[in-house]
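Just so we're clear, the structure is a prediction, and the values are computed from it rather than from any experiment. When a ligand or atom number is given, it counts from 1 through the structure's own listing order.
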Amino acid sequence: MDIQMRPCKPDELDRFLITCVAAFGEEMDEASRKRHLKVLDAERAIAAWDGDQMVGTGGNYTFELTVPGGSVPAAGVTLVGVLPTHRRRGILTRLMGALLDDAVARKEPVAILWASESNIYQRFGYGAATRQMRIEAARDRLVWLDSSPAVGTARMISEDEALKVLPGIYDRVQVSTPGTFVRSGEWWRYHRLPDPPEHRNGAGPMFRVVLEIDGVAEAYALYRIQPEWDYTPKSLLRVIEALGTTDRATREIWKFLSGIDLIQTIAAWGLPLDHPLPLMVAEPPRLGVTVRDGLWLRILDIEAALSARSYGSTDRLVLEVEDSFRPRNAGRWCLDAGGASPSVSRCDDEPDGALSINDLGALYLGAWSGTQLQAAGRLREMTTGAAARVDALFRYSRAAFCPEIF
Ligand SMILES: CC(C)(COP(=O)(O)OP(=O)(O)OC[C@H]1O[C@@H](n2cnc3c(N)ncnc32)[C@H](O)[C@@H]1OP(=O)(O)O)[C@@H](O)C(=O)NCCC(=O)NCCS
């Protein structure tokens with residue numbers, strides 16, 4: 001089998017999308033394809049061909065990703081699929097190599113993705129870089145510890161108004177939240193706000209609510225309701241995204257959501273681990289919290305990636321990094337956070353610790369600590385106390401999270 005791999009021509013993008021969703025056992029109608037094409041970059045959509053048959057797909061979005069204290073260009077790996085007729089013959093491995101080469105050529109120091117199954121991408125050097133809380137809360141048991149009256153005014157808005165108001169709120173959250181990325185106007189219009197039937201999964205339309213405090217738009221919620229009646233109302237409220245620019249705004253938008261009538265259960269799929277909800281209610285177990293992985297991140301350029309973020313201490317640490325998929329990253333790296341800006345360079349000094357490129361990705365946004373990696377046998381200490389020094393360097397005040405699957 002001779003498989004060719006190359007970027008798509010513009011007139012092949014429709015086929016690219018059809019092939020990708022076929023790999024997921026689904027289909028995509030023309031309207032959805034048109035929307036996807038508005039945000040897809042043909043040059044970054046790579047297809048695998050068996051003769052004249054497209055059999056595999058993978059693409060990169062061009063993102064700017066918030067990291068602790070800064071931001072970094074990132075390749076947003078997406079639309080990865082190989083047809084069932086062509087699996088386990090190395091096509092994904094070649095696609096991933098091509099996608100990461102594309103990112104390196106564009107000077108993107110990291111690649112990020114959402115994994116359908118978390119065991120797929122570790123072999124390519126990705127680490128679990130954000131974690132998220134899912135809740136499935138019994139609404140009648142959500143008793144707020146703070147019973148003060150609601151603050152602000154919630155208003156339902158149209159898609160057109162949402163396009164004008166929500167980006168300003170999101171941008172204020174995004175700029176200080178590791179794991180989030182800059183959303184363009186096109187992204188909002190064609191990716192975040194559209195409400196096609198295939199997104200509903202048995203629920204109703206997407207509602208958009210903005211919360212204004214003292215006349216300023218400070219929070220918003222996107223949600224759907226899945227109606228269910230069994231003599232009494234037992235509907236499910238599915239929160240798609242609810243963000244506030246301040247702690248108070250975040251608390252108030254959640255109080256608004258919990259006050260929607262006829263709802264038995266409130267479900268949200270992706271909240272940051274430092275979300276205030278568990279500390280706001282009298283019975284945290286009733287929130288039905290589960291924690292799962294979010295973004296997976298692959299460091300492609302250690303020097304550029306590590307120097308783009310800030311650090312929690314002024315230490316100097318030498319790490320031995322293993323990287324079998326892209327061996328050029330492997331070796332000893334010195335991270336010196338003692339100067340005005342961090343310096344990262346190769347060095348020959350004896351290492352303080354050793355870890356894989358995956359685990360450097362898991363540390364990068366602060367989702368995991370050095371001592372956690374050490375406890376799991378993934379960070380090896382060569383000098384005593386190195387794991388705790390990694391903790392102090394990489395910790396950050398905000399939990400990394402990504403509010404959207406792309
Ligand atoms: C996941 C998928 C893209 C893999 O494509 P593929 O061409 O079969 O992958 P490869 O042949 O390059 O596999 C490379 C390695 O990953 C392993 N692997 C591939 N898919 C895997 C999976 N779903 N779970 C566990 N391991 C997997 C292979 O066994 C192989 O291991 P090896 O190198 O030790 O032999 C393909 O199965 C698919 O399209 N699945 C459905 C859609 C999907 O889940 N896409 C990913 C979206 S995030």
Region of Glu117 engaging ligand 1 - heavy atom pairs below 4.0 Å: side chain

Atom 8 (O) of ligand 1: the protein heavy-atom neighbour that sits closest, reported with distance to 0.1 Å: Arg88 N, 2.7 Å

Region of Ile120 that comes within reach of ligand 1 [heavy atoms, distance under 4.0 Å]: side chain

ring-ring contact (aromatic ring centres under 6.0 Å, His included): pairs with one or both residues in residues 362-400, sequence neighbours excluded: Tyr311-Phe394

Location of contacts on Arg123 toward ligand 1, heavy atoms closer than 4.0 Å: side chain

Nitrogen or oxygen atoms of Trp114 and ligand 1 under 3.5 Å apart: no

Shortest reach to atom 2 (C) of ligand 1 by a heavy atom, considering only Thr57, Val77, Leu92: Leu92

Pairs satisfying ring-ring contact (aromatic ring centres under 6.0 Å, His included), at least one member in residues 270-304, at least two apart: Trp254-His275

Test: Glu159 and Arg189 ion pair at under 4.0 Å: no

Any N/O pair Tyr121/ligand 1 closer than 3.5 Å: no

Distance-only N or O hit between ligand 1 and His86, under 3.5 Å: no

The one among Ala23, Ala48, Gly90 that brings a heavy atom closest to atom 10 (P) of ligand 1: Gly90

Min N/O separation Ala115 to ligand 1 under 3.5 Å: no

